[in-house]
Chemist: 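Please find one structure pasted underneath; my questions will follow.
First listed ligand is number 1; within each ligand, the first listed atom is number 1.
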Amino acid sequence: MLEDKNNERTSLAKLGEFGLINHLTKHFNTYHSSTIKGVGDDAAILDSSDKQTVITTDLLIEGVHFDLSYMPLKHLGYKAVMVNLSDVYAMNAEAEQVTVSIAVSNRFPLEALEELYAGIQLACDTYKVDMIGGDTTSSTKGMLISITAIGRAVKEDIVYRNGAKPTDLVVVSGDIGGAYLGLQVLEREKQVFQVNPQNQPDLDKYAYIIERQLKPEARKDIPKLLKELEVKPTSMIDISDGLSSEIMHICSQSEVGCKVYEDKLPLDPQVISTCEEFDIDSTMVALSGGEDYELLFTISIDDFDKIKGNPHLSVIGHITEKSQGINLVTRANQEIPLKAQGWNSFQE
Ligand code: ADP
Ligand code: MG
């Protein structure tokens with residue numbers, strides 16, 4: 001995981017707005033020739049050439065989307081970039097630029113923003129993305145971060161949510177449910193800590209699922225892999241709210257139904273053991289967990305041989321006619337309708 005260093009406290013007022021922006025942004029690299037002008041003028045300039053431009057944005061609010069009592073600021077910066085890149089990759093496009101806007105209250109010293117930007121920069125360097133601008137302002141309470149990601153792809157490569165056809169296979173990358181369980185572990189430890197601050201938790205056995213929650217990785221490799229395999233998905237979406245709700249988005253936009261097989265859901269052994277410990281059903285976690293940032297897509301059945309046995313990909317079901325509904329086929333071979341129990345920001 002990422003290291004945190006936070007001993008000194010320099011007031012933001014000391015630098016002034018321009019000093020602050022310069023201080024936070026001066027070490028960023030530029031990777032793409034499409035970036036003509038980044039930070040420093042009234043607006044950034046991009047050269048989109050003959051490709052189409054993909055734009056996506058996310059707003060993260062302290063206390064609603066993140067909890068700084070267990071989310072180190074460096075991880076937060078990294079994750080805030082990931083959630084946006086994930087949306088670009090879900091369009092089968094290449095992410096090239098991000099803008100970063102923040103609002104902070106005077107409770108945050110300069111060192112806190114340095115940590116946040118260290119995470120943002122690590123994400124930009126790892127994923128080869130240019131940070132081209134943003135906005136900085138104050139808030140009366142807490143921290144807000146809004147990131148916009150910009151990607152590009154030739155028109156023919158872009159994959160929408162609405163192209164799934166009956167008989168297509170439903171495929172998911174990686175494994176699912178870990179991020180949600182990591183959050184459960186962190187929430188539990190936070191409560192233990194509040195009762196007994198002396199208690200030092202041993203989180204080693206949860207390392208993978210905590211990492212899934214605190215340092216998710218967007219699947220930049222999957223569009224690349226599919227291109228190499230010469231597979232163009234018929235539809236694609238990233239798993240931010242939970243597999244179940246993402247499948248429902250694909251089915252409703254494509255006007256189809258589907259069957260997802262319980263015994264095909266890809267689960268890490270740590271997800272299974274932690275589900276046993278918490279006495280929760282691993283299928284529920286896989287379907288409704290959310291925040292895994294894996295890609296869910298459909299491919300023509302003719303492409304099955306090209307992806308068969310690939311360690312990054314699991315076929316979890318197939319698309320049906322709309323009239324057949326959206327169903328989970330259980331291990332006992334029963335069909336039950338899937339519900340969008342994926343995380344909803346307006347729910348309790
Ligand atoms: P303006 O007053 O025209 O909005 P700013 O002073 O806010 O300009 O921004 C100056 C430059 O710094 C712009 O290029 C802007 O995109 C960039 N910038 C401002 N805030 C941030 C930030 N938090 N992160 C990255 N770049 C920023
Ligand atoms: Mg501004």
Side-chain angles (χ1 to χ4, degrees), residues 2 4-6 8-48 53-66 68 71-88 94-152 215-216 218:
L2 307 170
D4 219 343
K5 57 149 180 67
N6 213 345
E8 297 146 69
R9 293 179 68 86
T10 310
S11 152
L12 290 178
K14 213 173 128 192
L15 279 114
E17 188 185 331
F18 299 112
L20 174 65
I21 294 169
N22 182 46
H23 182 81
L24 293 176
T25 62
K26 66 185 173 198
H27 297 301
F28 279 78
N29 302 307
T30 300
Y31 295 101
H32 294 278
S33 57
S34 56
T35 302
I36 307 296
K37 175 77 192 175
V39 173
D41 214 308
D42 296 309
I45 302 294
L46 304 181
D47 183 351
S48 297
T53 305
V54 176
I55 301 185
T56 175
T57 197
D58 261 291
L59 176 60
L60 303 177
I61 297 182
E62 184 180 355
V64 179
H65 303 104
F66 58 90
L68 290 176
M71 185 72 160
L73 281 159
K74 190 170 178 183
H75 289 76
L76 177 63
Y78 193 89
K79 183 169 176 176
V81 176
M82 285 310 122
V83 304
N84 281 279
L85 300 189
S86 180
D87 281 318
V88 174
E94 169 93 42
E96 298 193 347
Q97 289 88 14
V98 288
T99 64
V100 178
S101 297
I102 54 170
V104 281
S105 69
N106 56 14
R107 154 181 144 228
F108 293 95
L110 173 65
E111 288 73 17
L113 294 189
E114 284 175 346
E115 283 297 315
L116 180 76
Y117 270 73
I120 293 171
Q121 185 168 355
L122 179 62
C124 288
D125 286 336
T126 308
Y127 284 75
K128 302 282 179 283
V129 178
D130 303 341
M131 206 279 296
I132 57 159
D135 201 19
T136 310
T137 186
S138 57
S139 82
T140 49
K141 195 168 165 280
M143 178 183 279
L144 290 79
I145 309 170
S146 177
I147 295 191
T148 296
I150 299 157
R152 303 194 310 156
K215 190 169 178 279

Chemist: Heavy atom under 4.0 Å from ligand 1: found in Tyr117's side chain, backbone, both, or neither?
Modeler: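 Side chain only; the backbone of Tyr117 stays clear of ligand 1.
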Chemist: Using a strict 4.0 Å cut-off to heavy atoms of Phe18, name the atoms of ligand 1 that fall inside it.
Modeler: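 Those atoms are 6 (O).
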Chemist: Residues two or more places apart in sequence or in another chain: which of them pass side chain to side chain donor-acceptor pair (under 3.5 Å) with Tyr127?
Modeler: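 Testing Tyr127 for side chain to side chain donor-acceptor pair (under 3.5 Å), a comparison that skips the adjacent residues, returns Glu217.
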Chemist: For residues 141-149, please give each side-chain donor-acceptor pair under 3.5 Å, one per line with the distance, not counting sequence neighbours.
Modeler:
unit_1 : atom_1 : unit_2 : atom_2 : d
Ser146 : OG     : Asp58  : O      : 3.3
Thr148 : OG1    : Thr57  : OG1    : 2.8

Chemist: Could you tell me if Glu17 and Thr136 have a donor-acceptor pair between their side chains, going purely by distance under 3.5 Å?
Modeler: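 The criterion, which ignores hydrogens and geometry beyond distance, is not satisfied for Glu17 and Thr136.
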Chemist: Output the list of atoms in ligand 1 that are nearer than 4.0 Å to some heavy atom of Gly133, sorted by atom number.
Modeler: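 It comes down to these atoms of ligand 1: 16 (O), 25 (C), 26 (N), 27 (C).
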Chemist: Identify, by atom number and element, the atoms of ligand 1 in contact range of Asp41, meaning under 4.0 Å from any of its heavy atoms.
Modeler: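 Taking each heavy atom of Asp41 in turn, ligand 1 has 13 (C), 14 (O) under 4.0 Å.
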Chemist: Are any of the N/O atoms on Met131, whether in the backbone or the side chain, positioned under 3.5 angstrom from an N/O atom of ligand 1?
Modeler: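 N/O-N/O distance under 3.5 Å: no.
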Chemist: Which ligand 1 atoms are under 4.0 Å away from a heavy-atom of Ile21?
Modeler: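 Here the atoms of ligand 1 in question are 12 (O), 18 (N), 19 (C), 20 (N), 27 (C).
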Chemist: Taking both backbone and side-chain atoms of Ser101, is any N or O found less than 3.5 Å from an N or O belonging to ligand 1?
Modeler: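 In fact, backbone or side chain, Ser101 has no N or O that close.
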Chemist: Could you tell me whether the side chains of Thr53 and Ser48 share a donor-acceptor contact shorter than 3.5 Å?
Modeler: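 Looking only at side-chain atoms, Ser48 and Thr53 do form a donor-acceptor pair, the distance falling under 3.5 Å.
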Chemist: Looking at ligand 1, does any of its N/O atoms fall within less than 3.5 Å of an N/O of Gly40?
Modeler: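 Gly40 vs ligand 1: N/O contact under 3.5 Å present.
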